[in-house]
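Heads up, the thing below is written out as C-alpha cells.
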Amino acid sequence: MANVSEPLSPALIGAAAVRGDLWVRIRRGAEYVAIPLFALAVSSVLFSVFLLALGKSPLEFFELVNRGGFGTAFSIQNTLQRSAPLILTALAVAVPARIGLIMIGGEGALVLGGFVSAVVAIPFVLGHAPPMVTLIVMAAMGTLMGALWVGLAGYLRHARGVNETISSLLLTYIGIAIMNFFVEGSLRDLTNPNKPSTMPIGDAYMVGKIPGTDVHWGLAAGIILAIALHILLSRTTFGFAVRVSGGNARAALAQGLPVGKLIVICCMIAGACAGLAGFFEVTAIQGRANASLVAGYGFTGILVAFLARHNPIAIIPVAIMFGGIVASGGLVQRRMDLPDATVLVLQGLTFVVLLVSETLYGRFKIFQVGGTADRT
Amino acid sequence: MSDSPFLIVLFAIIGGALRVSTPFMFVALGECLTEKSGRVNLGLEGTLVLGAMTAYATSYHTGSPWLGVLAAGFAGVFLGGIHGYVCKLPKVNDIAIGIAMMLFGTGLAFFFGKAYIQPSAPRLGSFSLGEWTGNPQIATALQVNQLLIVGIIVAFVMAWAFANTKWGLIVRMTGDSAPAAKAMGVSVDLVRFLATAAGGFLAGVGGAFLSLFYPGSWNQGLSSGQGLMAVALVIFARWKPLQCVVAALLFGAAGAVGPALQSVGITQGYYFFNAAPYILTLLIMIASAGSKQAMRDVPGELSITK
C-alpha cells in the first residue's frame, strides 16, 4: 500500500485530549474553512487564465457573475430560487457520504420525484380536490419515489457489493429515460404541441412564495431539512452509528451496528431530499413534468456537497453561491459572448482543484493543536 | 447468397453491432489498462465526449480525419494525465476525481464544441466485410471502419503483453500489490500515471469514432453514458482485454437491435430501447459484482470493488 503506516486520524486523537478548549476547536475548524476557500481561490485564478487565453476579461466575468447573481434584489431572489434545489441535491450527496458512499444519483431522483409528483396530481386536479391535500400527496409521493430510487442503489451496494457511484449514475440515466417514455407517450398532454409534457397542474395547485419575497417555499424546506439533518447526523445515536459505520464498517459490524440497514436508510434520506427538490421544481417553477427537469441541479449538487465537506449547515451558503453562478449564466452568455457551457467548465475545474486540495489537510502547523500525527 | 429480408436484417444487426461496439471497446480497453495498474478512472465519459469534439474540430480544420483521431487520443492523454497525476497525492480519492474529470471534460467539450455543431467535417472512411458475398445490400450493411480492427489488435496486444512482457508484469504487479511493486524497485505512481494516461488515449480514440464515423457528427447529445457503461463493462469482462472486446460486441448488439427493428417498422419500444443499455449494464453489474470469480480476478489494489 502507498502509506503502510497510516496514522490514526489526528483529529480523533486530539479531540479527546483537548475537548472543550474553544480556541483549539476554532483553530481545528479553521482548517476546514481555509482549505476549501483556498481551493476556490486557486480555481478562480486558473479559470481567469483560461478566460485570458481566450481573449476574454476575467474581471468582467466575475463582475457579471456578481451582478447577475447578487447585484439587485431581483437577482438575489432569482439566485435563492435556484439555490433551493441545490441545497436539496447537495444533501442527497452529503448524507450517504457520511456513511462512506459516493452517491451521485441526485439528478435521477430529482427527475423521477418531480415526474411522479406531477403524475399523481392529475386525478386530484381533475377532481378539484383541495390544493393543500393535493400538494401533501404530491410531496409524499415525489419524496417516496426519490427515496426508493437512491435507496435501490444503497440496497445493491449492501446486498451485492455493486459500486454505488456507477449504479447511481446509471439509475440517473434510467430515470430520465423512464420520464421521457411516459412524457412523450401515454402521459403526454396533447393540448400542448410545443414540448412533450404531462398535464399542467394549474395555478391553484402551485406552491406559493415565501411571504414578502419572490422565492418559493423550496428554499425554506431546504434550509429546515439541512438543519434537521445536521442535528440527526451530529447529535443523535443514529448519526453516531452512521459515522462509525462510515469510518470503519468492520468495526461497526463487530459492535453489532446494523451497517447494511444504516446504508439503505442514509440512501433513502438522500433520495427523499432529491425527490423533494423535484417536487418543488414541478409545483413552484415548471407546473408540469418535462425535460426541463433535467437541468443539471443534481450534478451541481455533488460539487456543492463536496465543497461543504458534506456538512449540512455549510451546504446552505455554498448552495447560495452556486445558485448565483447558475443564475448569472444567461447574463454572462449575452454580454461576453461565451457559450452556456462556461459554467460547466468553471464547475468542473473547481471540483478538480477542490479534490486535489484534500491532500493539504494536516500539512499546516497553524491548524495543528494538541495531538498531531507525530505524536501517534 | 439469397436476398431474403431476414438475412438483410440479420446482417444489419451484425453490422450495427460492430459499429456501435467500437467506442465501447476502446473505452473498456483503456479502463482495463488503468484498472490493471490499481486505479479507477470514472472520468472516461468526459474523455469520450472531449475526444469526440477534438477529433471533429481537428478533422474540420486540417481536413484529415486520422489527424483528428490522433488529436482525440491526445485530448484523452491530457485528461488521463491530470487524473493519473493528482491521484498520487495522499488523501485524493480516485473515484471522486473521476466524477470531477467527467464534469470537467464534458464542460470543456461543450464549451469549445459549440462552434462545430453546424459545420461538416471530413469523416473516416469505411470498408465492407461483406464484399465476398457479392450482395450489394449485405456489403452496405457490413460497412465498418478500420478502427474496429485496430481495437481488436490492441486487445490482442494487451492480452499478450500482460501475460508475456516485463511491462505487463509490472502493470499487473502494481495493480495487485503496491508494496510488492515498491519492493521490486518499481515506481508505483509512475506506472499508474502512465497507465491512466494511456487509458485516456484509448478512450479519446473511442470518442473520435463517435464523431467521425458512427453516428458521425458532433453534438452535445453524442454520448450519454457510453463511457460510464464501458467502465462498468470492465468488471464484467474480469479485467481481461479479450473479454472486453466480447463484452463490447454484446453491448453493440444490444444497442443495434432498436434501430434495426425500427428500420422494419417496429417503433413501439423506442424509449425502452433507449433505456435498455443502462438497464442491461446495471443487471450485469448486479450479476458480476460480489461473485467469487470476480473476486479472484480483481486487481488487489482496486478501490472500486471494495
Side-chain angles (χ1 to χ4, degrees), chain A residues 1-4 6 50 54 97 102 104 152-153 156-157 159-163 165-167 169-178 180-185 296 299-300 302-303 306 338-363, chain B residues 40 42 45-46 82-83 86 88-93 95-115 177-179 182 188-189 220 224-225 228-229 231-232 235 270-272 274-279 281-282 285-290 295 301 304-306:
Chain A
M1 267 173 58
N3 37 5
V4 182
E6 188 175 9
F50 176 76
L54 296 168
I102 304 180
I104 55 175
L152 175 62
L156 289 176
R157 164 76 201 202
R160 297 284 308 176
V162 176
N163 178 276
T165 313
I166 297 179
S167 70
L169 196 46
L170 283 173
L171 283 170
T172 292
Y173 289 116
I174 296 173
I176 294 170
I178 290 177
N180 285 335
F181 175 78
F182 286 110
V183 165
E184 305 196 22
F299 293 109
T300 307
I302 304 171
L303 174 56
F306 272 84
L338 285 168
D340 49 355
T342 313
V343 174
L344 278 181
V345 175
L346 176 61
Q347 287 182 1
L349 190 66
T350 309
F351 205 171
V352 175
V353 172
L354 176 76
L355 291 171
V356 173
S357 77
E358 291 279 318
T359 193
L360 297 176
Y361 286 94
R363 287 204 185 179
Chain B
V40 179
L42 276 192
E45 171 76 16
I82 295 178
H83 188 290
V86 300
K88 78 171 191 187
L89 303 167
K91 294 182 195 166
V92 174
N93 179 323
I95 290 188
I97 285 280
I99 302 168
M101 295 305 292
M102 183 175 359
L103 298 178
F104 183 54
T106 315
L108 277 183
F110 290 177
F111 183 93
F112 289 111
K114 192 154 195 203
S177 166
K182 261 187 196 155
V188 172
D189 290 336
Q220 298 199 347
S224 48
L228 182 83
M229 286 189 268
V231 169
I235 303 171
Y270 176 72
Y271 287 100
F272 170 72
N274 261 355
Y278 309 115
I279 298 173
T281 313
L282 192 61
M285 281 188 76
I286 295 168
S288 55
M295 287 306 106
E301 293 274 318
I304 200 164
T305 47
K306 278 179 188 156

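Proteins get letters first, then strands, A, B, ... in listed order; numbering begins at 1 in each.
For the set B:Thr106, B:Leu108, B:Leu228, the entry with the most heavy-atom pairs within less than 4.5 Å of chain A is B:Leu228. By number of non-hydrogen pairs under 4.5 angstrom with chain A, the leading residue of B:Ile82, B:Val86, B:Val92 is B:Val92. Contact count against chain A (heavy-atom pairs under 4.5 Å) is highest for B:Ala100 among B:Gly46, B:Gly225, B:Ala100, B:Ala96. Residue with the most contacts toward chain A among B:Ile99, B:Val188, B:Asp189: B:Ile99 (heavy-atom pairs, distance under 4.5 Å).
Heavy-atom minimum distance, B:Gly107 versus A:Ala341: O-CB, 3.9 Å. Closest non-hydrogen pair, A:Val345 versus B:Phe111, comes out as CG2-CB, 3.7 Å. Nearest heavy atom pair, residue A:Pro339 against residue B:Lys114, reads CB-CD, 3.5 Å.
Looking at B:Asn93, the atoms closer than 4.5 Å to chain A (heavy atoms on both sides) all sit in the side chain, from C-beta outward. Only the side chain of A:Leu156 has a heavy atom closer than 4.5 Å to any heavy atom of chain B. For A:Thr165, the part lying under 4.5 angstrom from a heavy atom of chain B is the side chain only. Of the atoms belonging to A:Leu355, heavy atoms from both backbone and side chain fall under 4.5 Å from chain B. For A:Leu54, the part sitting under 4.5 Å from any heavy atom of chain B is the side chain, from C-beta outward, and nothing else. Interface residue A:Leu338: only side-chain heavy atoms are found under 4.5 Å from chain B. Heavy-atom distances place both the backbone and the side chain of A:Leu170 under 4.5 Å from chain B. Interface remark: A:Leu171 contributes side-chain atoms only to the contact with chain B (heavy atom separation under 4.5 Å).
With a 4.5 Å cut-off on side-chain heavy atoms, A:Tyr173 and B:Leu282 do not count as touching. Using a 4.5 Å cut-off on side-chain heavy atoms (C-beta onward), A:Val352 and B:Met101 make contact. Taking the side chain as every heavy atom from C-beta outward, A:Leu344 and B:Phe110 approach each other to under 4.5 Å. Between A:Leu303 and B:Leu103, every side-chain heavy-atom pair lies at or beyond the 4.5 Å cut-off. Using a 4.5 Å heavy-atom cutoff, the side chains of A:Leu360 and B:Lys91 are not in contact.
Counting only distance, with no hydrogens or angles, the side chain of A:Thr359 and the backbone of B:Pro90 share a donor-acceptor pair below 3.5 Å.
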Test A:Leu169 against B:Tyr278 for side chain to side chain contact (heavy atoms under 4.5 Å, CB included), laying out the working first.
-> CA-CA 10 Å; A:Leu169 196 46; B:Tyr278 309 115; over 6 Å; no
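How far CZ of A:Phe299 is from CE of B:Met102: 7.5 Å, rounded to the nearest 0.5 Å. A:Asn163 CG to B:Met285 CE: the interatomic distance, rounded to the nearest 0.5 Å, is 5.5 Å.
Using a 30° and 60° split on the angle between ring planes, A:Phe50 and B:Phe112 fall in the perpendicular class, above 60°.
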